[in-house]
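Single-structure report; data block below.
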Amino acid sequence: MEKLGEVYKLSSSERSTDLSFPRGGEGLSVRFEDLIKKLPAAFYATDKDGYIILYNDAAVQLWGREPEIGKDRWCGSFKIFQLDGITEVPLDECPMALTLKKKESVRVDQPYIVECPDGSRKYFIPYPDPIFDLYGNVTGATNMLMDVTESRLAENQKARLAAIIDSSSDAIISKTLNSVITSWNQAAEKMFGYTEEEMIGQSIFKLIPPDRTEEESQILEKIKKGKLVDHYETKRLRKDGKLIDISLTISPIKDSDGNITGASKIARDITRTKILERHKDDFIKMASHELKTPVTSINGYVQLLLHICDEREYKLPDAVKKCLHTIERQVSKLTALITELLDASKMESDKLELRKTQFKLEELIEECVAEARQITLKHAIIFRSDYPGKITADKLRIGQVITNLLSNAIKYSPASDKVAVFLKKEGEYLQIEITDFGIGIDINDQSKIFERFYRVNGREEHTYPGFGIGLFISNEIIRRHGGTVEVKSEKNKGSVFTVTLPLTS
Amino acid sequence: MNSPGKRILVVDDDPDIGAMLKMMLEFKGYRALVIERGEKINILINKDPVDLIILDMLLSGVNGTDICSNLKKDSTTSNIPVIMISAHPNARELCEAAGADSFIAKPFDMHDMLSRITELLKN
């Protein structure tokens, strides 16, 4: 109550600026203290020598400590720093101290930082004012401390984000649902050649080549549904009229109520990547051509030699014959590898074209099975068909898939003597099941075997040759027909590969 | 021996492949002539008619596809069956567009080559 009395005395001064309350009795002063206590802003008062005589809960919260009455002077803070966070401000030079010394209100234009005893820091702006008595003498001072930590952090965060956006090498653009550009970063300037001033408020169509204008409406349709457009590869126009290859990732922008109000767009210049891809494709094409030419000679001469000997009934020593057959077999493997490499490159650059015709799938499987029988002496390949009808697909490519799966079935079941092939119709789909009783595939590898260059890591598996692209190619071919390749397998029991193809893809 | 005496012209700029085809064809009883370039093919054919042509697609000088489409445009040579061969990845489409009667990718299987020849000579 003593403290309260002091305050009332101070506030009853006619010349007091901040605490000028009408004169009244004790009841009024109680209400006044309540008011101070409940004030959401930090508030404290000192006597004329700067000793704290009053403070509220918000002040305790800001300081992170409770000041000691009669001991704490100028301010209840543990430590105060300037905005740089490094320069400490001695408490007797704090704005409140200056107010009492200069006998005038002090206003600052930058927040201060208070460090609490636990080490945490907060930003605040002080509003200290002196209190005068009837004769104009300073009898004390009040100080309101506005905690601006949240807005300060938000500003910092905003500045950080702005810095990230500006330092990004990807163009970051935002637009409304009417395709009007609302923001444009530095990378966008560099990528497209237009400045921010030239583009804000303009239509995004300025960047879209005339033959691609329909892309924008397709993209907006997705955005309006709240969907993301991810790594969409396309071309855009620069200011100088040059076309550039870009990869776009576009996501919806929502307001605080969750309504979609626009889109943010990240564009990456992939012109260089595209050029490198083309170089790689050209290289693989050239290499495969150059490799195939000598292979043609080797293969031809070996076949010719074997053929001449067979026809003329020259008695070649068995060892020589064996050597020639081995060369023939290895050359055909080499040919298959070169072809696979080229196919994989075509798949990647999306240049694999399907040439669809109508044909009987069971006849094609029969041919592939007959071929596969040539490469194994051990395995009986059993084929059963429940579907004699036709399918529309690329015959050559489907044949390639069946051959790949059959040769895998034989290759990975050296200890077994059987491979089963089953063709059946399931609704609008045809299913080819190829079952072997070989080494099987570990559950952890089953999802990965369709990845490019994936090879199962195991002592046993490493004895089998290959690039690890056969299944990647098969899967891609079937995928492009609108079908799937699935595997069920158990280690040391065998595997079942199921190809599902739509009747008309 | 099948089709004894039938004349087959081989155009391939790889001498080893040319020689290999010649040996193979002669072994099978055909008469084979190998040239490495195709510029003078018409003069050659007019002087000494051939029954079938095996034509590589990528040649030095005039390309195999150009040679083929010229042969197919000329009424005096359009009936001669042409088998085009190549190791080029997009060769099949290009050769079919040039009017080739058949296409075989390099490296080819000898038995496949021989059966295509027999088939085309039958018609």
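Lettering follows sequence order; numbering is per chain, from 1.
Contacts between D16(B) and chain A at a heavy-atom distance below 4.5 Å involve backbone atoms as well as side-chain atoms. Heavy-atom distances place the side chain of L342(A), and not its backbone, under 4.5 Å from chain B. Proximity to chain A (any heavy atom under 4.5 Å) is shown, for A91(B), by neither the backbone nor the side chain.
For T77(B), the side chain to side chain contact (heavy atoms under 4.5 Å, CB included) partners are N42(B), I45(B), L71(B), D74(B), I80(B), not counting sequence neighbours. Qualifying salt bridge (Lys or Arg N to Asp or Glu O under 4.0 Å) partners for D436(A), counting only residues two or more places apart in sequence or in other chains: none.
A 4.5 Å side-chain heavy-atom check between H111(B) and H307(A) finds at least one atom pair inside the cut-off.
The CG atom of L305(A) sits 10.0 Å away from the CE atom of M110(B) when rounded to the nearest 0.5 Å. With rounding to the nearest 0.5 angstrom, the NE2 atom of H88(B) is 11.0 Å from the CE atom of M286(A). Here the CD atom belonging to Q303(A) is positioned 9.5 Å from the CG atom belonging to D112(B), to the nearest 0.5 angstrom. Note that OG of S86(B) and NZ of K292(A) are 8.5 Å apart. Values are rounded to the nearest 0.5 Å.
Annotation for E451(A): atom CD counts as buried by contact number, over 12 foreign heavy atoms lying within 6.0 Å. The 12-atom threshold is exceeded at NZ of K72(B), counting heavy atoms of other residues, nucleotides or ligands nearer than 6.0 Å. Other residues, nucleotides and ligands place more than 12 heavy atoms under 6.0 Å from the CG atom of N46(B). Heavy atoms of other residues, nucleotides or ligands lying less than 6.0 angstrom from NZ of K40(B) number 12 at most. Counting heavy atoms of neighbouring residues, nucleotides and ligands inside a 6.0 Å radius, atom NZ of K285(A) exceeds 12 of them. Environment of NZ in K280(A): crowded, with over 12 heavy atoms of neighbouring residues, nucleotides or ligands closer than 6.0 Å.
In terms of non-hydrogen atom pairs under 4.5 Å with chain A, the most contact-rich of L58(B), I85(B), I17(B) is I17(B).
Within residues 293-301 of chain A, the residues having any heavy atom closer than 4.5 Å to a heavy atom of chain B are T293(A), V295(A), T296(A), S297(A), N299(A), G300(A), Y301(A), listed by residue number. Contacts between residues 96-108 of chain B and chain A, counted as heavy-atom pairs separated by less than 4.5 Å, involve E96(B), K106(B), P107(B), F108(B).
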Steps toward side chain to side chain contact (heavy atoms under 4.5 Å, CB included) verdict (I308(A), M24(B)): CA-CA 9 Å; I308(A) 292 171; M24(B) 181 190 85; over 6 Å; no
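Between M23(B) and L304(A), the closest heavy-atom pair is CB-CD2, 3.5 Å.
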